[in-house]
Structure formats: structure tokens, C-alpha cells
Amino acid sequence: MLSRTADHLFWMARYTERAENTARMLDVNMQTSMLPQSQEDAEQGWRATLGISELQTAYDAKYGSFHTRDVLDFMVRDPNNPSSIIACLTGARENARAVRGTLTTEVWETQNATWLDLQKRLKSNLLENDPSAFFEWVKYRSHLSRGVTLGTMLKDEAIHFIRLGTFLERADNTARILDVKFHGAKDASKDIAQRDFYYWAALLRSVSGFEIYRKVYRDVITPDRVADLLILRGDMPRSLLACMDDVVDNLHHIRNDVSADTERFAGRLHAELKFGHIDDILKAGLHHTLTEFLENIYELGNRVSRDFLVPLAA
């Protein structure tokens with residue numbers, strides 16, 4: 001497959017997944033902001049979301065002061081914010097349009113319809129009137145895109161580049177969503193024990209993990225089990241281990257003459273999760289572990305680009 005075609009497929013998937021995960025991060029903050037808390041705590045939660053997305057500086061430069069309405073506008077409508085929902089869905093559509101001949105008609109029409117419908121929904125003020133409904137729509141369109149892709153496309157290199165992009169992005173965003181709850185804690189194992197049940201329930205729902213948690217643990221929600229579920233459980237679809245299972249598998253299917261080192265790098269990251277234990281992670285510090293994982297995922301993405309995709313401009 002031509003590297004340019006692979007690049008478009010990879011980024012189409014990453015942008016679609018990023019839009020969904022941006023919606024998930026905003027949705028969990030909307031839920032937790034409605035719980036009894038001080039205005040300072042509520043603002044800190046939104047700033048943590050901006051900070052973990054590395055967007056605090058850009059937000060402050062544009063708005064100067066904090067307001068929930070401005071954060072939502074920045075994270076949803078701002079085309080100059082590369083992680084905003086409109087920027088992600090526009091990027092997904094443009095990459096899909098560049099490789100329409102490689103995609104099935106159903107996949108292209110799903111991407112295009114999502115972008116067109118987004119314009120209508122933003123003009124209808126759905127975000128202002130019912131933000132949770134808007135975020136659910138974003139998640140639904142992402143689910144639909146993945147389902148149509150898996151249900152209609154030939155299982156060749158194209159599908160593996162799409163899946164690779166999806167799971168690299170999902171791993172990155174699951175780590176960020178989890179880290180929002182622990183960001184800034186020097187000793188997570190002590191600090192998180194004081195958090196309220198409802199915050200952890202909201203976090204689990206943000207990654208579609210609330211029912212799964214109940215099925216697996218059948219007990220009260222505790223922070224260490226939430227971390228265990230979202231990091232080390234391979235049967236939890238959005239866990240870091242599950243994502244790396246699929247990253248390693250898809251890398252195997254597209255390997256080339258120069259990708260052996262990248263496969264080893266991914267395999268080492270995968271093994272650390274597969275054979276890791278939550279007690280060791282909490283002892284080392286959850287924020288430290290997640291930060292290190294994010295750095296490794298970023299490096300892995302660069303290696304994939306180097307070995308398979310269009311080289312970055314100098």
C-alpha cells in the first residue's frame with residue numbers, strides 16, 4: 001500500500017476516535033460539575049481537562065478568564081484547536097475523501113454524513129441546551145463509523161492501518177481520561193481513597209465501563225479497582241492492555257522490512273501491561289505511570305509514521 005494512502009486511513013481513524021474521546025472527557029466533566037462542590041473545585045476539574053489535553057495555554061491565550069461555556073466552545077466549535085470535535089470530524093472527513101477509492105461507499109457516506117450533520121447540530125444550539133445529548137451523538141457516530149468499517153471493508157492492509165490508528169488514539173485518550181482524576185496527586189494510593197463514589201461512577205460511564213465494573217467486581221466502586229479495570233484488564237474494550245493487544249496484532253499484519261524495531265518497542269510496552277500488577281502501579285504512582293505510558297504511546301506513533309506513513313516535513 002502507498003504510504004500516503006496508509007497515512008490518510010490511519011489519520012481518518014485517529015481523528016474519529018479523538019472526536020469520540022473528546023466528547024467522553026467533556027461529558028464526564030459535565031456530569032461531575034453538577035455534583036455538590038465548590039466553584040473552585042468545579043473550575044479545577046475543567047482546567048485539569050484542558051491541562052491533560054495540553055490545551056491550557058491555548059485556552060488562556062484566547063479567553064483570558066475561565067467560564068464553562070468558553071471551555072465547551074473551545075473544545076467543540078473551535079477549528080483552530082486540533083483536539084476540538086469540529087476539527088477532528090473535519091480532519092476525519094478530509095482524510096476519508098482523499099482515499100475514497102480505498103474505502104467502501106458505506107464508509108465514505110458515514111464520514112460525510114457525520115460532518116454534514118455536525119454543522120446542523122451546532123447551529124441548532126443542541127450543545128447549549130443539552131450537552132450530554134450532543135456528546136452522545138458524537139459517540140454514536142464514532143461507533144457507527146467503526147461498525148460500518150468492520151462490516152463492509154475487505155480485511156486487507158487498509159483495515160489494519162485504520163484499526164492501528166483507532167487503538168493508538170484510544171490508548172492515549174483512555175490514559176488521559178483516567179489521569180484527569182489523579183492529575184497532580186503526589187501519592188495517588190492515599191489521595192484517591194477520599195474521592196466520592198459518584199465521581200468514579202461518572203468516570204466509568206465516560207468509558208462505557210460502569211456495567212462492566214459491576215459485572216467483574218460485584219462490589220462497591222474503589223479507585224484501585226477502577227485503575228485496574230482501565231489499565232490491566234484485557235477483556236475491558238477500552239483498557240490500555242486491550243488497546244495494546246490490538247496495536248501489536250495490527251502491527252504484525254502490516255510489518256515491513258524496517259518495522260522490526262517498532263514492533264519490539266510496542267511489544268515491550270504491551271508486555272509491561274500484560275504482566276503488570278495494580279499494586280505495583282499504585283506504589284510507583286498512578287500519575288507517573290500514566291505520564292510515562294503517554295510518552296511511550298507518543299513515541300510509538302512517531303515510529304509508526306516513520307516506518308509506514310508519509311514522513312513529517314523537516
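Residues passing the side chain to side chain donor-acceptor pair (under 3.5 Å) test with Asn112 are Arg93, sequence neighbours excluded. By the side chain to side chain donor-acceptor pair (under 3.5 Å) test, Ser124 is found to be paired with no residue, residues two or more places apart in sequence or in another chain being considered.
The main-chain N or O of Ala87 is never found under 3.5 Å from a side-chain atom of Thr90 such that the two would form a donor-acceptor pair. Without hydrogens or angle criteria, Arg24 side chain to Ser206 main chain gives a donor-acceptor distance under 3.5 Å. Panel note: side chain Tyr213, backbone Asp219; no donor-acceptor pair is recorded below 3.5 Å. In this structure, Asn173 contributes its side chain and Glu169 its backbone to a donor-acceptor pair below 3.5 Å. Side-chain atoms of Glu20 never come within 3.5 Å of backbone atoms of Thr16 as a donor-acceptor pair (strictly under, hydrogens ignored). Side chain of Thr174 to backbone of Arg238: a donor-acceptor contact under 3.5 angstrom is found. A donor-acceptor contact shorter than 3.5 Å links the side chain of Asn95 to the backbone of Gly91. Without hydrogens or angle criteria, Asp249 side chain to Asp245 main chain gives no donor-acceptor distance under 3.5 Å. Side chain of Ser239 to backbone of Arg233: a donor-acceptor contact under 3.5 angstrom is found.
Two residues are said to be in side-chain contact when any heavy atoms from C-beta on lie closer than 4.5 Å; Leu55 and Tyr59 fail this criterion. In this structure, the side chains of Leu122 and Val76 come closer than 4.5 Å at one or more pairs of heavy atoms.
Cluster annotation: Leu229 is connected to Phe293 through the hydrophobic network of ILVMFWY side chains, with a link wherever side-chain heavy atoms come within less than 4.5 Å.
Taking CZ of Phe161 as the reference point, atom NE2 of His8 lies at 13.0 Å (rounded to 0.5 Å). Rounded to the nearest 0.5 angstrom, Glu94 CD and Trp11 CH2 are separated by 15.5 Å.
Among all heavy-atom pairs drawn from Phe74 and Ser84, the shortest one is O-CB, 3.6 Å. Between Thr22 and Ser83, the closest heavy-atom pair is OG1-O, 3.0 Å. The nearest pair of heavy atoms linking Leu89 to Thr114 is CD1-CG2, 4.0 Å. In plain terms, the two heavy atoms of Asp224 and Ile278 that are nearest each other are O-CG1, 3.6 Å.
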Donor-acceptor contacts, no H, no angles, side chain residues 258-265, under 3.5 Å, sequence neighbours left out:
residue	atom	partner	partner atom	Å
Ser259	OG	Asn256	N	2.9
Ser259	OG	Asn256	O	3.2
Ser259	OG	Asn256	OD1	3.4
Asp261	OD2	Arg303	NH1	2.7
Thr262	OG1	Arg306	NH2	3.4
Thr262	OG1	Asp307	OD2	2.3
Glu263	OE1	Arg255	NH2	3.0
Glu263	OE2	Arg255	NE	3.1

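Salt-bridge check for Glu211 with Arg214: failed, with every basic side-chain N at 4.0 Å or more from each acidic carboxylate O. Salt-bridge formation is not detected for the pair Arg14/Glu17: no Lys NZ or Arg NE/NH1/NH2 atom is positioned less than 4.0 Å from an Asp or Glu carboxylate oxygen. Salt-bridge check for Glu136 with Arg121: failed, with every basic side-chain N at 4.0 Å or more from each acidic carboxylate O. A salt bridge does not link Asp117 with Arg141: every distance from a Lys NZ or Arg NE/NH1/NH2 to an Asp or Glu carboxylate oxygen is 4.0 Å or more. Of the charged side-chain nitrogens involved, none lies within less than 4.0 Å of a carboxylate oxygen, so that Arg268 and Glu272 do not count as a salt-bridged pair.
Within 6.0 Å of the OH atom in Tyr298, the count of heavy atoms belonging to other residues, nucleotides or ligands does not exceed 12. Counting non-hydrogen atoms of neighbouring residues, nucleotides and ligands closer than 6.0 angstrom, the NZ atom of Lys62 exceeds 12 such neighbours. Tyr140 OH: 12 or fewer foreign heavy atoms inside a 6.0 Å radius.
Aromatic ring pairs are classed by plane angle as parallel below 30°, tilted from 30° to 60° and perpendicular above 60°; the pair His253 and His160 is parallel.
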